[in-house]
Amino acid sequence: PTASSPSSSSAWLKMSTTDEFVGLAILLVSLFCLGTWPAILRLCSDQSSTTHNAERRSLEFVYMDYASAYGLISCVPFVLTSIVSWTKHTTPTYDEQSLSLILIAMLGGSLLSLGNLSFQWSTAIFGTTLTTTLAIQASMTVVLGTFLNYALEPAKTNQPSLLVLGAVVFLLAIALATRAQISYAMTVSAENGHDHDQLSNHSPFGDGEVRYTVIELPYGSSACGEGGESATEVHAAAKQDDQTPINASVKQERFLGAVSNSFDESSYMAKQRQRTRHGILVAILGGFAFGFFSPCFNIAVNDPFRWRGTGPHSKDIVARTNAWFSLAFWLASIFGNVFLVRNQKRPNHGQSNNALDILWDYFTKDSWSERKLAFLAGVVCALGNVLQFQGGKMVGFATADLVQAFPLVSTVWDVVLFGEFTHVRCWSWIGGLLAAMYAAYMTGIILLACSSIA
């Protein structure tokens, strides 16, 4: 009996280590998928801008295609495991206590969708820069997701100090990536002769256009007088008129018009500052949504509060939970994007704001050739999340947050597909920032991976 104890212990350790390495390998594949689907979705948006149609595809419709494909593909593992269970006559039982866990899983899917919608809303409607929104939400995702998942299952993390250090290094990588993006945008703007921040109107899909409702000035796109002059020009003209023999009433009228327009310009700037504050607030709320969706899935799978009871967990628990998660994600995405479409100026283009009419346009307006890339993005993202959740089940959901290093892959696709950073030299300031970002992300991945290995 004493001799068999070490052998059984070593066998268990070997099996545990194998599971951990398999889980880490699954997470690395997930990281690649999660870094690839945004590039496909952006490619879809760029393709729609070069089609022969005079009217471009609505980005909301593109996202709805992506969400629909995501929901369908995410249900495939559950369907397959159910078929296998039926063929073996081992159909799992669904007790009433699991209803609360189903609702938690659906809450997680809804939070993920709301996070994506907050990203769209913050950047497009309120005009918050893409870099600022990404920095806020990515940081909150890493901090909240990692530490909440660790609190839910601390036994999965063998070295908490490495987990904390890895999260800190991830925050450093996010800061470096943000700085690199700002510097690159300023460089491109200067080379193109633009005197404004290129990021301020950056679309979530990278096409540089904003198609949502914006705050308009009383006299057009800028604070202008009735003839189209800006308030500064009108004021200068009024000052010049003081030296010319013009009727006093005309001078007074022009002066009052200049003062009125200056107030319009000040009011516009105040509205812009208010929009920026609202956009940052929406981005922060979206960061909370991103930070909590993974812990919700963790609760639904591992049941740390014993809502399911004390019995053994079903083998298809991850696939079944992901099915409910994806269903909620799809529903929230469809309703959320229909709401965004209704906030656009569709009546100005002879279109109805009725939700049923919007859905009819979505299903009938675009051809398969215009949808296929969006569907492909949904398939790749669904695969990435399925692998993330399965790997999280094996090595711990706190360690699974290493997939947040997906900008490693996204940056490569940006260079290959869209030509970004192609003129950046390795020894330049931007090149150094990118190299430091890569080093930080790689270090964070290694630290998070090592935190789960005994």
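As the structure is a prediction and not an experimental result, all values here were calculated from the model.
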Worked check of side chain to side chain contact (heavy atoms under 4.5 Å, CB included) between Met64 and Val338: CA-CA 9 Å; Met64 289 164 70; Val338 168; 4.1 Å; yes
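- For the pair Leu163/Leu447, no side-chain contact is recorded, criterion being any heavy-atom separation below 4.5 Å from C-beta on.
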Worked check of side chain to side chain contact (heavy atoms under 4.5 Å, CB included) between Ile174 and Thr178: CA-CA 6 Å; Ile174 292 170; Thr178 302; 4.2 Å; yes
Worked verdict on Arg179 versus Leu176 for side chain to side chain contact (heavy atoms under 4.5 Å, CB included): CA-CA 5 Å; Arg179 183 57 188 162; Leu176 291 170; 5.8 Å; no
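- Summarising the geometry, atom CG belonging to Leu417 is positioned 9.0 Å from atom CD1 belonging to Ile40; distances are rounded to the nearest 0.5 Å.
- Remark: of the listed residues Leu41, Val409, Leu376, Val409 is the sole one forming a side-chain contact (heavy atoms from CB on, under 4.5 Å) with Thr36.
- Between the CD1 atom in Ile446 and the CG atom in Leu165 there is a gap of 11.5 Å [rounded to 0.5 Å].
- The side-chain heavy atoms of Phe305 and Leu152, taken from C-beta on, include a pair separated by under 4.5 Å.
- Between Lys393 and Asn302, the closest side-chain pair of non-hydrogen atoms falls below 4.5 Å.
- Side-chain atoms of Met140 and Phe290, non-hydrogen and from C-beta on, never get closer than 4.5 Å to each other.
- Summarising the geometry, atom CZ belonging to Phe375 is positioned 10.5 Å from atom CD1 belonging to Ile73; distances are rounded to the nearest 0.5 Å.
- No close placement of the Trp37 and Tyr70 rings is indicated, their centers lying 6.0 Å or farther apart.
- A centroid separation of 6.0 Å or more is found between the aromatic rings of Phe147 and Tyr150.
- Using modelled atom types and a 3.5 Å distance limit, the side chains of Ser294 and Asn149 yield a donor-acceptor pair.
- Atom CZ of Phe389 and atom CD1 of Ile317 lie 13.0 Å apart (nearest 0.5 Å).
- Annotation: side chain of Leu285 is not in contact with side chain of Ser118 (no heavy-atom distance under 4.5 Å).
- Rounding to the nearest 0.5 Å gives a distance of 4.0 Å between SG of Cys296 and CG of Leu107.
- Side-chain contact between Phe339 and Leu117 is absent, with no heavy atoms from C-beta onward closer than 4.5 Å.
- Counted by atom type alone, Tyr362 and Asn337 present zero donor-acceptor pairs between their side chains at under 3.5 Å.
- Residues Ser333 and Ser113 bring a donor and an acceptor atom of their side chains to less than 3.5 Å of each other.
- Residues Val341 and Phe61 have side chains in contact (heavy-atom distance under 4.5 Å, counting atoms from C-beta outward).
- Using a 4.5 Å cut-off on side-chain heavy atoms (C-beta onward), Leu144 and Phe288 make contact.
- For Tyr441 and Phe170, the ring centers are positioned less than 6.0 Å apart.
- In this structure, Phe297 CZ and Phe325 CZ are separated by 7.0 Å, a value rounded to the nearest 0.5 Å.
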